[in-house]
Amino acid sequence: MGFADQRFNVNLSILFTELPLLERPAAAAAAGFTAVELWWPWVDSPTPEQSELDALRKAIEDAGVRLTGLNFYAGRLPGPDRGALSLPGEESERFRANIDVAADFAASLGCTALNALYGNRVEGVDPAEQDALALENLVLAARAADRIGAILLIETLNQPESPRYPLVSAPAGIGVVDKVNEATGLGNAKFLMDLYHLSMNGEDLPQVIAAYADRTGHVQIADNPGRGAPGTGTLPLEELLDQLAKAGYEGFVGLEYKPGDRPSAEAFDWLPAAARAAR
């Protein structure tokens with residue numbers, strides 16, 4: 001096995017960001033990839049103009065790549081925010097306004113994975129109040145995902161880089177997955193296993209894979225330290241992905257790493273060109 005046996009997609013919100021958004025799908029295709037994923041591209045607007053949605057859809061279709069993952073509105077990301085769905089008031093309302101917009105956009109491109117970032121703790125607000133609001137919004141998101149035949153992803157981040165984000169361990173993320181599935185009865189909430197974030201938290205990655213591979217809906221990677229391409233740090237990513245495959249994970253592996261001080265097109269030398277097209 002090895003990297004050549006995985007199904008990779010490129011996250012166009014962290015790679016190829018030196019290019020305008022509408023040029024990134026074609027750049028990923030030129031690098032040999034056939035699948036991409038995105039954070040919500042309009043950080044200031046959960047409900048962009050239809051013309052903007054149409055332009056991005058056309059750019060993806062014209063590039064001949066498949067959109068395999070999309071985040072719901074998450075506030076300013078990249079930036080200080082880590083999601084909106086647990087934030088009382090305006091941000092929660094913006095998340096709710098985005099749910100059907102994001103789901104419909106995903107459906108128009110055959111995308112079947114929607115990621116809902118939980119959101120930071122808010123000073124002066126009872127964490128239990130935020131968790132109750134989060135569950136309400138995640139139930140709405142899970143139902144919208146189910147409507148289009150998609151899964152809802154719950155992501156664990158890392159405490160050093162996201163100190164106010166409450167889901168900073170695999171068990172914490174799985175706990176929310178279980179609560180959403182119990183509340184909806186749909187079973188379409190899944191864990192987003194980001195090996196970079198989990199490693200930053202000091203978790204035992206082989207143990208996490210063994211425990212949760214069967215409840216994982218998507219995997220993302222970057223090396224650690226540095227959040228760079230595989231081989232720039234010390235994580236045994238090839239071995240970990242092999243373990244995931246042996247445990248039955250057959251989904252995409254999102255390349256969510258920083259290209260460093262080089263153009264993104266040059267940040268894939270660790271992966272043979274012939275292995276970049278998703279099978």
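Excluded from the calculations below are hydrogen atoms, water molecules and symmetry mates; all remaining heavy atoms, backbone and side chain alike, are included.
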Next item on the list: Please lay out, stage by stage, how Asp178 and Arg215 fare under the test salt bridge (Lys or Arg N to Asp or Glu O under 4.0 Å).
Entry: CA-CA 10 Å; Asp178 289 345; Arg215 297 157 80 184; 2.3 Å; yes

Item checked: Working for side-chain contact (heavy atoms from CB on, under 4.5 Å), residues Ile60 and Asp62 -> CA-CA 6 Å; Ile60 292 170; Asp62 288 352; over 6 Å; no

Note to self: What verdict does the side-chain contact (heavy atoms from CB on, under 4.5 Å) test give for Arg82 and Leu117, after you've listed the backbone C-alpha separation in whole Å, the side-chain angles of each residue and the deciding distance to 0.1 Å?
What the structure shows: CA-CA 6 Å; Arg82 297 291 186 273; Leu117 284 171; 5.6 Å; no

Next item on the list: Check step by step if salt bridge (Lys or Arg N to Asp or Glu O under 4.0 Å) holds for Arg96 and Glu136.
Entry: CA-CA 10 Å; Arg96 291 189 184 194; Glu136 288 180 18; 3.0 Å; yes

Margin query: For Asn137 and Ser86: C-alpha separation, side-chain torsions, deciding distance, then whether side-chain contact (heavy atoms from CB on, under 4.5 Å) applies.
Written below: CA-CA 8 Å; Asn137 283 334; Ser86 67; over 6 Å; no

Notebook entry, point to check: What's the verdict on side-chain contact (heavy atoms from CB on, under 4.5 Å) for Phe8 and Leu241, showing C-alpha distance, side-chain angles and the deciding distance?
Noted result: CA-CA 11 Å; Phe8 291 108; Leu241 293 181; 4.1 Å; yes

Next item on the list: Test Asp104 against Arg147 for salt bridge (Lys or Arg N to Asp or Glu O under 4.0 Å), laying out the working first.
Entry: CA-CA 9 Å; Asp104 290 344; Arg147 173 174 63 81; 3.0 Å; yes

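Remark: Arg121 engages Asp131 in a salt bridge, criterion side-chain N to carboxylate O under 4.0 Å. Comment: Glu91 engages Arg94 in a salt bridge, judged by a side-chain N to carboxylate O separation of less than 4.0 angstrom. Ionic pairing of Glu256 and Arg227 is present here: one or more N-O contacts between side-chain nitrogen and carboxylate oxygen are shorter than 4.0 angstrom. Using a cut-off of 4.0 Å between Lys/Arg side-chain N and Asp/Glu carboxylate O, Arg262 and Asp269 are scored as salt-bridged.
Here the CD1 atom belonging to Ile221 is positioned 9.5 Å from the CG atom belonging to Asp194, to the nearest 0.5 angstrom. Considering NZ of Lys190 and CG of Asp214, their distance stands at 8.0 Å, rounded to 0.5 Å. One distance of note links CG of Asn120 with CG of Leu87; it measures 7.0 Å at 0.5 Å rounding. The distance from the CG atom of Leu70 to the CG atom of Leu153 is 10.5 Å, given to the nearest 0.5 Å.
Of all heavy-atom pairs between Ala28 and Leu12, the closest is CB-CD2, 4.0 Å. Nearest heavy-atom pair, Asp81 versus Leu77, reported as atom, atom and distance to 0.1 Å: O-CD1, 3.6 Å. Listed here is the closest heavy atom pair of Ala144 and Asp100: CB-OD1, 4.0 Å. Nearest heavy atoms, Tyr73 versus Asn98: N-OD1, 2.7 Å. The heavy-atom pair separating Ala183 from Leu135 by the smallest distance is CB-CD1, 4.4 Å. Taking both residues in full, the closest heavy atoms of Ala172 and Pro166 are given as CB-O, 4.4 Å, listed atom of the first, atom of the second, then distance.
Using a distance-only test at 3.5 Å, with no hydrogens or angles considered, no donor-acceptor pair links the side chain of Ser45 to the main chain of Trp42. A side-chain donor-acceptor contact under 3.5 Å links Tyr249 to the backbone of Phe252. A distance-only check finds no donor-acceptor pair linking the side chain of Asn224 to the backbone of Tyr196 [under 3.5 Å]. Proximity of a side-chain donor or acceptor of Asn9 to a complementary backbone N or O of Glu37 within less than 3.5 Å is not detected. The closest donor-acceptor contact from the side chain of Glu238 to the backbone of Phe3 lies under 3.5 Å. Using modelled atom types, no side-chain atom of Arg7 and backbone atom of Val253 make a donor-acceptor pair closer than 3.5 Å. Judged by distance alone, with hydrogens and angles left aside, the side-chain atoms of Asp223 form no donor-acceptor pair with the main-chain N or O of Pro230 at under 3.5 Å. For Asn188 (side chain) and Ala142 (main-chain N/O), a donor-acceptor pair under 3.5 Å exists by modelled atom type. Remark: the backbone N or O of His218 is not paired with any side-chain donor or acceptor of Thr216 at under 3.5 angstrom. Checked by atom type and distance alone, the side chain of Ser92 never pairs as donor or acceptor with a backbone atom of Pro88 at under 3.5 Å.
A continuous path of ILVMFWY side-chain contacts below 4.5 Å connects Leu244 to Val208, so both sit in one hydrophobic cluster. Put simply, Val101 and Trp39 are part of the same group of oily side chains (I, L, V, M, F, W, Y) that touch within less than 4.5 Å, one to the next. Transitive grouping of hydrophobic side chains (ILVMFWY, heavy atoms separated by less than 4.5 Å) brings Ile14 and Phe33 into a common cluster. Hydrophobic clustering places Ile148 together with Leu53 (ILVMFWY residues linked when any side-chain heavy atoms are closer than 4.5 Å, directly or through intermediates). Under a hydrophobic clustering in which Ile, Leu, Val, Met, Phe, Trp and Tyr are joined whenever their side-chain heavy atoms come within less than 4.5 Å, directly or via other members, Leu186 and Val180 fall into different clusters.
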Using residues 271-279 as the side-chain source, report each donor-acceptor pair under 3.5 Å to any protein atom, sequence neighbours left out, with the distance given to one decimal.
{"unit_1": "Arg276", "atom_1": "NE", "unit_2": "Leu271", "atom_2": "O", "d": "3.0"}
{"unit_1": "Arg276", "atom_1": "NH1", "unit_2": "Ala31", "atom_2": "O", "d": "2.9"}
{"unit_1": "Arg276", "atom_1": "NH2", "unit_2": "Phe268", "atom_2": "O", "d": "2.8"}
{"unit_1": "Arg276", "atom_1": "NH2", "unit_2": "Leu271", "atom_2": "O", "d": "2.9"}
{"unit_1": "Arg279", "atom_1": "NH2", "unit_2": "Ala4", "atom_2": "O", "d": "3.3"}
{"unit_1": "Arg279", "atom_1": "NH2", "unit_2": "Asp5", "atom_2": "O", "d": "3.2"}
{"unit_1": "Arg279", "atom_1": "NH2", "unit_2": "Gln6", "atom_2": "O", "d": "2.6"}

Anything under 3.5 Å between a donor and an acceptor, one on a side chain of residues 107-114, the other on a protein residue two or more places apart or in another chain? List them.
{"unit_1": "Ser108", "atom_1": "OG", "unit_2": "Arg57", "atom_2": "NE", "d": "2.8"}
{"unit_1": "Ser108", "atom_1": "OG", "unit_2": "Arg57", "atom_2": "NH2", "d": "3.4"}
{"unit_1": "Ser108", "atom_1": "OG", "unit_2": "Phe105", "atom_2": "O", "d": "2.6"}

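The side-chain heavy atoms of Leu133 and Leu85, taken from C-beta on, include no pair separated by under 4.5 Å. The shortest distance between side-chain heavy atoms of Val36 and Pro25 does not fall below 4.5 Å. Between Pro160 and Asn201, some side-chain heavy-atom pair lies under the 4.5 Å cut-off. Looking at heavy atoms from C-beta onward, Val176 lies in side-chain contact with Leu167 at the 4.5 angstrom threshold. Between Asn115 and Leu152 there is no side-chain heavy-atom pair separated by less than 4.5 Å. Counting heavy atoms from C-beta outward, Asn11 and Tyr257 have side chains that stay 4.5 Å or more apart. Put simply, the side chain of Glu203 reaches to within 4.5 Å of the side chain of Ser169, judged on heavy atoms. Counting only heavy atoms from C-beta outward, the side chains of Leu22 and Leu56 approach each other to under 4.5 Å.
Taking a 6.0 Å sphere around CD of Glu182, one finds it holds 12 or fewer heavy atoms contributed by other residues, nucleotides or ligands. Residue-environment remark: CD (Gln50) exceeds the threshold of 12 foreign heavy atoms within 6.0 Å. Crowding of Glu23 atom CD: a count of heavy atoms from other residues, nucleotides or ligands under 6.0 Å exceeding 12.
A donor-acceptor pair shorter than 3.5 Å can be found between the side chains of Glu18 and Ser264.
A cation-pi arrangement is absent between Arg24 and Phe16, since the terminal nitrogen or guanidinium carbon is not both under 6.0 Å from the aromatic centre and inside a 45° cone about the axis.
Tested against Phe72, the residues Trp40, Tyr118, Phe95 include a single ring pair (Phe, Tyr, Trp, His ring centres under 6.0 Å) partner, Phe95.
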